[in-house]
Amino acid sequence: MGKLGGFLSIERSGIAYRDPTGRSHDYREFLAPRPEAELRDQGARCMDCGVPFCHNGCPLGNLIPDWNDLVYRGRWQEAAAQLHATNNFPDFTGRLCPAPCEAACVLEIREGEAVSIKQIELAIIDRAFEEGWVRPAPPRRETGRTVAVVGSGPAGMAAAQQLRRAGHAVTLLERDEAAGGLVRFGVPDFKIEKRIVERRVRQLIDEGVQLRLGVDVGRDLDVRELRERFDAVVIATGSRVPRDLPVPGRELPGVHFAMDYLYQRNRWVARQAGVEARQVGVEALQPVVEPAPGEGIYAAGKDVIVIGGGDTGADCVGNALREGARSILQLELLPRPPASRPDELTPWPEWPLKYRLSYAMEEALSAGLGEQVYSASTSSLTAGADGALTALRIAQAEPQPPFAPVPGTEREIPAQLVLLAMGFLGPEQDLLDKLGVERDGRSNVRTAKPYETSLPGVFAAGDARRGQSLIVWAINEGRQCARMVDRYLTALGGEDGDRVALSARDEGIAGHADADSGPEGPPQHVGPGIKAE
C-alpha cells in the first residue's frame with residue numbers, strides 16, 4: 001500500500017484546472033499539471049483495500065492500488081506498465097472519463113475524500129510519453145487471418161490494437177477524414193488536444209494496422225465485399241442517432257443537433273492548428289473538411305440555447321463561449337440534483353446522483369454570459385418575419401415522468417441558435433440493415449454470443465452494442481470483443497499452428513474458462529500487471 005496512515009494525514013487534492021476566465025479565450029486543454037511531490041502524496045493516500053471497490057467502479061478493471069503505490073514510491077515506469085496492462089488509452093480516459101473509480105473508492109464513504117485516481121492516471125501516462133516509454137508493440141508472429149474494424153472511435157481503436165498485437169492483419173475503416181471518432185470530432189480540443197489522439201493513431205499504424213480513411217462502409221465499400229475480403233468484421237460505429245425535439249418550429253433555420261455543431265467547431269480548430277503548424281515548418285496531419293456554403297453553424301453574437309445538461313451540452317456551451325456568443329442558456333428537463341450524494345437513491349459505491357457544475361458552465365458564469373435552468377420543458381420555437389429563429393418557449397416541468405409542463409409557467413426566451421444535446425438513441429441503422437444483423441429493443445446490435453452478432457464472424461463492440469455510454473466502457477468493449485474475435489479466428493486455424501491464442505492465455509490467467517457462456521458475457525477480469533522493460 002502507500003504510506004501507512006496516509007489517508008488520515010494527507011488531504012485530498014482534486015484535479016486542477018486553469019483559471020476559467022483565462023482558459024475560455026483559447027482552445028488549449030484546461031487541465032493543469034500537478035507537481036510530482038503532490039502526486040506522490042496523493043498516491044500515498046491509497047489504502048490498498050482488502051476489497052478494492054475502485055476495481056469494480058472502473059469498467060476496465062484498472063489496477064488502481066498497484067499504480068498508486070508505484071507512484072508513491074517513485075517507480076513511474078512500472079506504474080505506466082501496470083496502467084497499460086488494462087487500458088490501451090489512459091491518455092484518453094485520464095482526460096475524458098468521469099472517474100467512477102473515485103466514486104467507488106472506500107475513502108469516498110466520507111464524501112469528497114476519495115483518492116485522486118484520475119489525476120494520478122493522467123500524470124503517469126503523460127510522463128510515459130515524455131520519457132519515451134510508450135512504443136509500438138507489433139506482433140512477433142503473424143496468424144494469416146484478416147479482420148476489418150468498422151469505426152475508429154475508442155472501441156474500434158482498442159479492438160484493432162488488441163487484434164493486431166495478437167498477430168492478425170487488421171484494417172481500420174473510418175468514414176471521416178481522420179481517425180478517433182467522437183474523441184476526435186465531438187470532444188473539444190480544450191478537453192483533449194487532438195495531438196493526443198493523433199499519436200495513438202500513429203502508434204496503431206506503426207504496429208501494422210492498416211488505416212483507411214474516408215471509407216463509408218455500405219456505400220464506398222459493399223458489405224458483401226467486406227465479408228468476403230475479411231475473416232472477421234467488428235462493428236464499432238458508436239451510437240450516433242441523436243434524440244430529436246418534436247415541437248412546433250423544430251424545422252426552423254438555427255435549430256441544430258449538437259454533434260453537427262461540435263464537428264464543425266473541431267474541424268475549424270483543426271484547420272487553425274494546421275495553419276499554425278505549417279507556419280513553423282511542421283507537417284500537420286489535420287482534418288480539412290470545410291462546411292458546405294450556407295451550412296455553417298455559428299454562435300458568435302447570438303443568444304444560444306443548449307437543450308440538454310450532459311457532457312455534450314457542456315461541450316456546446318464551451319464552444320459557444322469561445323466563439324463569442326452573446327448569451328448562453330443551458331436547459332435540462334430533469335430537476336436539479338441534490339448538492340451531495342443521496343444515500344437512499346445512490347448509496348456508496350454507486351455513481352452518486354448529485355449536482356456537478358460543468359467546466360463549461362463555470363466558464364460561462366465567470367464571463368457573466370451563462371445560465372442553467374432545470375425542470376424546463378420546451379413547447380415551441382418561434383420565427384420572426386424573415387423566417388429565422390427568434391425565440392424558444394418553455395414551461396416549468398413536473399418533477400416526475402412524463403415531466404409534463406406546469407400550466408401558467410410558460411415564458412419565452414430570445415434565441416437565434418438552439419443546439420439539441422439530449423442524448424443518442426442508438427447506432428445508425430443503414431449499415432446494420434445492409435449487413436442484416438439482428439437488433440435489440442433499443443436498436444443496438446444484438447449479440448447472442450459474447451460480442452458476436454447473428455452473423456457468424458461479425459462482431460460488435462462499444463456504443464453500437466451497448467448503447468450510449470462512457471469512454472471506459474468503449475475501450476473495455478473493444479478489448480473484450482477482440483478477445484472473442486481472436487478465439488473465433490483461432491478456431492478457424494491459421495498459418496502459425498503453434499501460436500498461443502489470446503483466449504488460452506486469458507483463461508490460464510483468469511481461471512474463467514467457462515464464464516463466457518454466462519448471461520453477463522465474457523469475464524470482466526483482466527490479467528495481472530506487466531513488468532517495465
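The residues of the chain are indexed from 1 along the displayed sequence.
Q162 places no side-chain N or O within donor-acceptor distance of the main-chain N or O of A482, the cut-off being under 3.5 Å.
Take P98 and apply the side-chain contact (heavy atoms from CB on, under 4.5 Å) test, not counting sequence neighbours, and it matches P100, W351, L470. Every residue meeting the ring pair (Phe, Tyr, Trp, His ring centres under 6.0 Å) condition with Y17, not counting sequence neighbours, appears here in chain and number order: F30. For the salt bridge (Lys or Arg N to Asp or Glu O under 4.0 Å) test, residues two or more places apart in sequence or in another chain that qualify with R164 are E142. Scored by the side-chain hydrogen bond (donor to acceptor under 3.5 Å, both in side chains) test, E323 finds Y261 as partners (sequence neighbours excluded). Applying the ring pair (Phe, Tyr, Trp, His ring centres under 6.0 Å) rule to F230 yields no partners; only residues at least two apart in sequence or on another chain are considered. When the ring pair (Phe, Tyr, Trp, His ring centres under 6.0 Å) test is applied to F424, no partner is found at least two apart in sequence or on another chain. When the salt bridge (Lys or Arg N to Asp or Glu O under 4.0 Å) test is applied to E121, no partner is found at least two apart in sequence or on another chain. Considering only residues two or more places apart in sequence or on other chains, D91 meets the salt bridge (Lys or Arg N to Asp or Glu O under 4.0 Å) condition with R199, R200. Every residue two or more places apart in sequence or in another chain was checked for a ring pair (Phe, Tyr, Trp, His ring centres under 6.0 Å) with F257, and none qualifies. Annotation: salt bridge (Lys or Arg N to Asp or Glu O under 4.0 Å) contacts of K434 (sequence neighbours excluded): D430. By the side-chain hydrogen bond (donor to acceptor under 3.5 Å, both in side chains) test, E428 pairs with R175, sequence neighbours left out.
In this pair, Y27 and F190 present their aromatic rings tilted. The plane angle is within the 30 to 60° band.
Within the structure, salt bridge (Lys or Arg N to Asp or Glu O under 4.0 Å) pairs that include any residue of residues 149-160 do not occur (at least two apart or interchain).
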